[in-house]
Trainee: 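Structure in structure tokens, see below.
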Amino acid sequence: MNIYIANLSFDVHDDDLRNIFAPYGEVTSAKVITDKATGRSRGFGFVEMADEAASTKAIAELNGTTVENRTIGVTVAKPKGDRPSRDFNSGKSYNENRY
DNA sequence: CGTGAGCGG
């Protein structure tokens with residue numbers, strides 16, 4: 001189950017997300033999306049859990065809770081392909097020049 | 001590189 005965590009504190013990182021979802025079940029992967037430009041946190045992240053019930057429980061328990069003095073929003077993540085991709089061919093990088 | 005929207009590689 002892919003879990004989307006929004007409104008995270010900038011102090012929260014990958015291992016921090018792992019520690020949050022750890023007691024709820026087996027955390028397959030924990031990733032806080034850091035800004036590509038600044039390298040700092042963007043304020044949201046993704047957590048993948050192997051167990052369906054554990055992930056649902058984690059969402060229900062952690063949604064609306066306060067972490068690092070910031071109220072986080074935990075919801076089910078949408079498929080990655082939903083966001084508009086500028087790359088039409090994966091693995092084939094083309095020039096990013098704007099028309 | 002702006003730190004506040006909320007969906008990454």
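All heavy atoms count here, side chains included; hydrogens, waters and symmetry mates do not. These figures come from a predicted structure and were not determined experimentally. Reminder, nothing fancy here: chain letters follow the sequence lines and each chain counts from 1.
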Trainee: Which residue lies toward the 5' end of DNA chain B, A:Ala37 or A:Phe44, if each is placed at its nearest nucleotide?
Mentor: A:Ala37

Trainee: Does any part of the side chain of A:Leu17, heavy atoms only, come nearer than 4.5 Å to the side chain of A:Asp14, both counted from C-beta?
Mentor: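 Not in contact.
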
Trainee: Hey, does the side chain of A:Arg40 come within less than 4.0 Å of B:dC1's phosphate (OP1/OP2), counting only N and O?
Mentor: yes

Trainee: Which residues in residues 49-59 of chain A have at least one heavy atom lying under 4.0 Å from any atom of DNA chain B?
Mentor: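 The answer is none.
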
Trainee: Using atom C1' in both nucleotides, what's the gap between B:dT3 and B:dG9 to the nearest angstrom?
Mentor: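 So the two C1' atoms sit 23 Å from each other.
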
Trainee: Less than 4.0 angstrom from a charged side-chain N to a carboxylate O is my criterion; do A:Arg40 and A:Asp35 meet it?
Mentor: no

Trainee: From the options B:dC1, B:dG6, B:dC7, select the nucleotide whose nearest atom is closest to the side chain of A:Phe46.
Mentor: B:dC7

Trainee: Look at the side chain of A:Phe10 and decide which nucleotide, out of B:dA5, B:dG6, B:dC7, has an atom nearest to it.
Mentor: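 Of the options given, the side chain of A:Phe10 lies nearest B:dA5.
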
Trainee: Syn or anti for B:dG6? Use the chi torsion, O4'-C1'-N9-C4 for purines and O4'-C1'-N1-C2 for pyrimidines, with syn inside 90° of 0.
Mentor: syn

Trainee: Taking only the side-chain heavy atoms of A:Ala77 (C-beta and beyond), determine which of B:dA5, B:dC1, B:dC7 contains the nearest atom.
Mentor: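 Between B:dA5, B:dC1, B:dC7, the one nearest the side chain of A:Ala77 would be B:dC7.
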
Trainee: How long is the line joining CG of A:Asp11 and P of B:dT3, in whole Å?
Mentor: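 Spelled out: CG on A:Asp11 to P on B:dT3 is 13 Å.
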
Trainee: From the set B:dG2, B:dG4, B:dC7, return the single nucleotide nearest to any side-chain atom of A:Tyr4.
Mentor: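 Of B:dG2, B:dG4, B:dC7, B:dC7 is nearest to the side chain of A:Tyr4.
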
